[in-house]
*Asks:* 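Here's a structure for you.
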Amino acid sequence: AAGASGCLVFSSGSAVGGNSGALFIGSGAATGGRGGFISVISGSGTSGAGGSVSVASGRSTVLTGGLVELSSGEGTATSSGSIHIQSANSGASGSSGLLVFSSGSAKGSNSGALLLGSGVASGGSGGAITVSAGSGTSGAGGAFSLVAGRSTTLTGGLLKLESGEGTASSSGMLVVRTANAGSSGGSGLLVFSSGTSVSGNSGSVMLGSGAATGGSGGSISVTVGSGTSGSGGNLNVLAGRSTVMTGGALIISAGEGTATSSGTIHIHSSNAGAAGASGCLSFSSGSAKTGNSGLLSIGTGAASGGRGGAISITVGSGTSGAGGSCCISSGRSTTNTGGVLTISSGEGTATSSGLISLLSANAGGSGSSGQLVFSSGSSVSGNSGSIMIGSGASSDGRGGLVTVSVGSGTSGAGGALSLIAGRSTTLTGGLVKVESGEGTASSSGMLSVRTANAGSAGGSGLLIFSSGTSVSGNSGSISIGSGAATAGSGGAVIMSVGSGTSGTGGTLSAAAGRS
């Protein structure tokens, strides 16, 4: 009624100067049936933990300890046998038993390696290896961790995931993904990150495809999943922050083409749907507190055997509302002069420099072409800015021509051309000066002020040379004359009325002022 059943010991005796005896437990061979099976089972009980089964190889005080080997039976004509190592199912309460596959610790050398693998197949596929955590109906799913070894003195252990080599065709695919979400909740987060560092650099993260000697390099795609509610997912690429030095650089570079063109870089927002606008593109440097904000440089590379690449900035067309604006503004300063805006064509070291063309587009079937405004800004306590239009000096040719003309039209009066000096509320108004070019070795240039010839009906335009009226002072004088000559005759002054073929000849009147 009380006590334990007797102990069974199957053991060889000890040995002083040789090996102790071996212990063999096995079933006999069968020529017309199956080999007999061997079961080692500990007894069940109704109180306390279940009985243990221990298989331990021999200990050695001077050499390597004994080997423990579990091997299924060979199948010479078909498959070899399976090996199942599992803990039993748990009862109504409690968890199923823990499985531990681990080498022992080591004091003066490396701890033992742990190898999990399938055998080589000479006429079929290599066996698959599956490591999965069990599913559950309450709480989070079971975690799966792969952690390399820690070192207190040197670099930590390497963790390597590598697909199988295909010596005759493609290598295997490597898929790292989270499972699909259920009816509520989101799919799991994926984190590819190096660890933090206390006194050195943190680890790099490298994503890349391998080189190809007889084909194209593999593509890399980083995409955000689509959704049916809310905004689309964001894609952020951020360089590292530094609290003491310059922040990290962010470089996007197309692939080099050593024999032909390099690759293209496309940065664009996607097309808008049935309602809404396409996404905004922002190229901007960050703000600065005590230094200059960052430079924004857009340019094409130099070409040693061809033309420099073109730069085109265009606004998309639309079918409703005004066309999109294109605005180029230099920086504002609250203490010094605002930023310079320079538009310069390319230098031609052997021939002409490039053309600069500023024009509004042609008007459509109705409406006018766009207005061009060249103006300096207003000023509160200083002079407003000057406007200078001119051609550059030429050391071996003529100075460039400057032409200001108004376009022709087929209805209404021709467009007006006005040159007006500035108005002053306290001092003399601004000067208007029209002067021909100096000829240092010969004659100076001619100055011609005339109206255009009349058409088949009508008269040529009126010319008025007049000073303005005056309220409390003299009106302005008009002086017409030729300059003095030190080694020749003074220039003639001629006033004549044009001839006509009908009616009275034109009148020439000279009248002094009335008082």
*Asks:* Which value, rounded to the nearest 0.5 Å, describes the distance between S209 atom OG and I220 atom CD1?
*Replies:* 5.0 Å
*Asks:* Measure the spacing between CD1 of I129 and OG of S118 and express it to the nearest 0.5 Å.
*Replies:* 5.0 Å
*Asks:* Hey, mind stepping through F374 and L358 against side-chain contact (heavy atoms from CB on, under 4.5 Å) and telling me if it holds?
*Replies:* CA-CA 11 Å; F374 299 92; L358 297 178; 3.7 Å; yes
*Asks:* Return yes when atom CG of L159 has more than 12 non-hydrogen atoms of other residues, nucleotides or ligands closer than 6.0 Å, and no otherwise.
*Replies:* yes
*Asks:* Would you name the heavy atoms of G490 and A485 that are closest together and state the gap between them?
*Replies:* N-CB, 4.3 Å
*Asks:* If you define the side chain from C-beta out and look only at heavy atoms, does anything of S345 sit under 4.5 Å from I356?
*Replies:* yes
*Asks:* Would you say V224 and N234 make side-chain contact, with heavy atoms under 4.5 Å?
*Replies:* no
*Asks:* Identify the two heavy atoms, one from S325 and one from V315, that lie closest to each other, and give their separation to 0.1 Å.
*Replies:* O-CG2, 3.5 Å
*Asks:* Taking the side chain as everything from C-beta on, heavy atoms only, tell me whether T451 gets closer than 4.5 Å to L462.
*Replies:* no
*Asks:* Specify the closest pair of heavy atoms between G468 and S475, including all atoms of both residues, with the distance to one decimal.
*Replies:* O-CB, 3.4 Å
*Asks:* Apply side-chain contact (heavy atoms from CB on, under 4.5 Å) to residues T178 and L189 and explain how you reach the verdict.
*Replies:* CA-CA 7 Å; T178 62; L189 179 70; over 6 Å; no
*Asks:* For the OG atom of S269 and the CG atom of L281, what is their distance to the nearest 0.5 Å?
*Replies:* 5.0 Å
*Asks:* Which heavy atom of L341 sits nearest to which heavy atom of I328, and what is that distance?
*Replies:* CD1-CG2, 3.6 Å
*Asks:* Once rounded to the nearest 0.5 Å, what's the spacing between atom CG of L417 and atom OG of S405?
*Replies:* 8.5 Å
*Asks:* When you look at CG of L207, are more than 12 heavy atoms from neighbouring residues, nucleotides or ligands closer to it than 6.0 Å?
*Replies:* no
*Asks:* Pairs in or reaching into residues 135-164: which pass salt bridge (charged side-chain N to carboxylate O under 4.0 Å, His left out), with residues at least two apart or in two chains?
*Replies:* K160-E162
*Asks:* Between I480 and F465, is a side-chain contact (heavy atoms from CB on, under 4.5 Å) present by the stated rule, with each step listed?
*Replies:* CA-CA 10 Å; I480 299 176; F465 297 92; 5.8 Å; no
*Asks:* Report the distance from atom OG of S360 to atom CG of L372, rounding to the nearest 0.5 Å.
*Replies:* 5.0 Å
*Asks:* At their closest point, which heavy atom of A239 faces which heavy atom of A249, and how far apart are they?
*Replies:* CB-O, 3.7 Å
*Asks:* For the residue pair S194 and G203, what are the closest heavy atoms and their distance?
*Replies:* OG-O, 2.6 Å
*Asks:* Report the C-alpha distance between L161 and L146 in whole Å, list the side-chain angles of each, state the deciding distance to 0.1 Å, and finish with yes or no for side-chain contact (heavy atoms from CB on, under 4.5 Å).
*Replies:* CA-CA 10 Å; L161 293 176; L146 288 177; 4.3 Å; yes
*Asks:* Does anything in residues 430-442 pair up under salt bridge (charged side-chain N to carboxylate O under 4.0 Å, His left out), and if so which pairs, sequence neighbours excluded?
*Replies:* K433-E435
*Asks:* So, do F283 and I298 sit near enough that their side-chain heavy atoms are less than 4.5 Å apart?
*Replies:* no
*Asks:* Answer yes or no: are there more than 12 heavy-atom neighbours, outside L114 itself, under 6.0 Å from its atom CG?
*Replies:* yes
*Asks:* Show me the donor-acceptor pairs within less than 3.5 Å that the side chains of residues 499-515 make with the rest of the protein, sequence neighbours left out.
*Replies:*
none

